[in-house]
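A short write-up of the structure that comes next.
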Amino acid sequence: MTAWLAEQEHREMLREPRRHPLSRATVENKKTMEKISIIKSTAVLVPTANIDTDQIIPARFLKTTSREGFGEKLFYDWRFNADGTPVPNILDGKQGIILVAGENFGCGSSREHAAWAIHDAGYRAVVSSSFADIFKGNALNNSLLPVQVSPSYLAALTDALRAEPSLEITIDLASQTIYAEGVGTETFPIVGYKKECLLNGYSDIDYLLAGVDDIINYELSSRANDI
């Protein structure tokens, strides 16, 4: 009789949906990524093509695995002489959380520190007509939105920013659109999975764990049906 009761309790346990310790609620409370929905800001125009990762963050500063502090070294060799004294540069006096750059942004080495530096400096989006694939992936993994537009739209936006540096740009991730007065609206591509991660503030691990309740309950249900 004892063995029979134990078997019945085991069957009921398998039939009852369970909440795993790493549930969706747990993920929501422990997310480490920053959510991105709508970015509305003036922009910093850096209209140079082929800006590589060594220009973004020189290799001599890559001596730590901590993400903090890299913003101070962003475009360092554009901003300072070899002796550390500042030099006039295209970033002087510019404010905003959107960076507008020339084509093929982020080429060169695969260092993730480039995305860290841009994000740590306060930027939340980079607009260009093309991105190096590895940089694009690194940016998406670090709450930095790469907005890829057509060459004609980038040219029009660049001209508009030169004429009016205080021009405000609106980027809507949900609708995948970018808008600037006088330039108009254009859609931009993004992988659906990464879009969901940015909208919800999920890292890759968070994204997987967000579905853990469904996975566990499916497994328990499958086992119960096999009894």
Quick one: list whatever passes side chain to side chain donor-acceptor pair (under 3.5 Å) with D133, sequence neighbours left out.
none
Common cluster, L99/W78, ILVMFWY with side-chain heavy-atom separation under 4.5 Å:
yes
Can you get from V44 to L154 by hopping between Ile, Leu, Val, Met, Phe, Trp and Tyr side chains that sit under 4.5 Å apart?
no
State the CD-CG distance between E164 and L167, to the nearest 0.5 angstrom.
7.0 Å
Please name the pair of heavy atoms, one in S128 and one in G102, separated by the smallest distance, quoted to 0.1 Å.
OG-O, 2.7 Å
State which residues pass side chain to side chain donor-acceptor pair (under 3.5 Å) with K136; sequence neighbours excluded, sorted by chain then number.
Q148
Whether over 12 other heavy atoms sit under 6.0 Å from E72 CD
no
In short, G106 meets A132 closest at the heavy-atom pair O-CB, 3.2 Å
What closest approach, in Å, do V183 and A160 show between heavy atoms, and which atom pair accounts for it?
CG2-CB, 3.6 Å
Just by distance, do the side chain of S41 and the backbone of G96 share a donor-acceptor pair under 3.5 Å?
no
Name all residues meeting the ring pair (Phe, Tyr, Trp, His ring centres under 6.0 Å) criterion together with Y218; count only those two or more places apart in sequence or in a different chain, and write none if there are none.
none
Show every salt bridge (Lys or Arg N to Asp or Glu O under 4.0 Å) that has at least one partner inside residues 47-62, sequence neighbours left out.
D54-R111, R60-D77
Could you check whether D204 and Y193, counting side-chain N and O atoms only, form a donor-acceptor pair closer than 3.5 Å?
yes
Please name all residues satisfying side-chain contact (heavy atoms from CB on, under 4.5 Å) with E168, sequence neighbours left out, ordered by chain then number.
K40
Please report the interatomic distance CH2(W116) to CG(L74), rounded to the nearest 0.5 Å.
15.0 Å
R124 CZ to K35 NZ distance, which is reported to the nearest 0.5 Å
15.5 Å
Whether D120 side chain and E68 backbone form a donor-acceptor pair below 3.5 Å:
no
Would you give the length of the straight line joining atom CD1 of I36 to atom CG of L198, rounded to the nearest 0.5 angstrom?
5.0 Å
Closest heavy-atom pair and its distance - T177, F188
N-CE2, 3.3 Å
Main-chain N/O of L209 paired with Y202 side-chain donor or acceptor, under 3.5 Å:
no
So F135 and F131, would you call those rings parallel, tilted or perpendicular, with 30° and 60° as cut-offs?
parallel
In chain order, what residues pass the side-chain contact (heavy atoms from CB on, under 4.5 Å) check against A43, with sequence neighbours excluded?
I98, V100, L161, I169
I'd like to know if the side chain of T85 reaches the main chain of N81, judged simply by a donor and an acceptor atom lying under 3.5 Å from each other, with no hydrogens or angles considered.
no
Can you check whether Q95's main-chain N or O pairs, donor with acceptor, with T42's side chain at less than 3.5 Å?
yes
To the nearest 0.5 angstrom, please state how far the OG1 atom of T187 sits from the CD1 atom of I178.
11.0 Å
Among all residues two or more places apart in sequence or in another chain, which pass the ring pair (Phe, Tyr, Trp, His ring centres under 6.0 Å) test with Y123?
none
Tell me the closest heavy-atom pair linking G201 and D206, and the distance in Å.
O-OD2, 4.0 Å
Can you sort out the partners of H119 under ring pair (Phe, Tyr, Trp, His ring centres under 6.0 Å), two or more places apart, ordered by chain and number?
none
Run the ring-centre check on F61 versus F70 and record whether the distance is less than 6.0 Å.
no
Rounded to the nearest 0.5 Å, how far does NZ of K73 lie from CD1 of I57?
8.0 Å
Evaluate the side-chain proximity of F75 to I51: yes if any heavy-atom separation is below 4.5 Å, no if none is.
yes
Residue set satisfying side chain to side chain donor-acceptor pair (under 3.5 Å) with S37, at least two apart, ordered chain then number -> none
Quick one: list whatever passes side chain to side chain donor-acceptor pair (under 3.5 Å) with E103, sequence neighbours left out.
none
With side-chain contact (heavy atoms from CB on, under 4.5 Å) as the test, pick out the partner of L173 among I38, I39, I190.
I190
Counting N and O atoms only, with roles assigned by atom type, does the side chain of S203 sit under 3.5 Å from a partner on the main chain of M33, one being a donor and the other an acceptor?
no
Would you please name every residue forming a side-chain contact (heavy atoms from CB on, under 4.5 Å) with F80, sequence neighbours left out?
Y76, P86
Non-hydrogen side-chain atoms of D214 and V212 separated by less than 4.5 Å:
no
With sequence neighbours left out, the residues meeting side-chain contact (heavy atoms from CB on, under 4.5 Å) with N104 are N50, C107, S130
Tightest non-hydrogen contact, residues L144 and A125, listed as CD1-N, 3.7 Å
Hphob cluster co-occupancy, V149 + I97, side-chain heavy atoms under 4.5 angstrom
yes
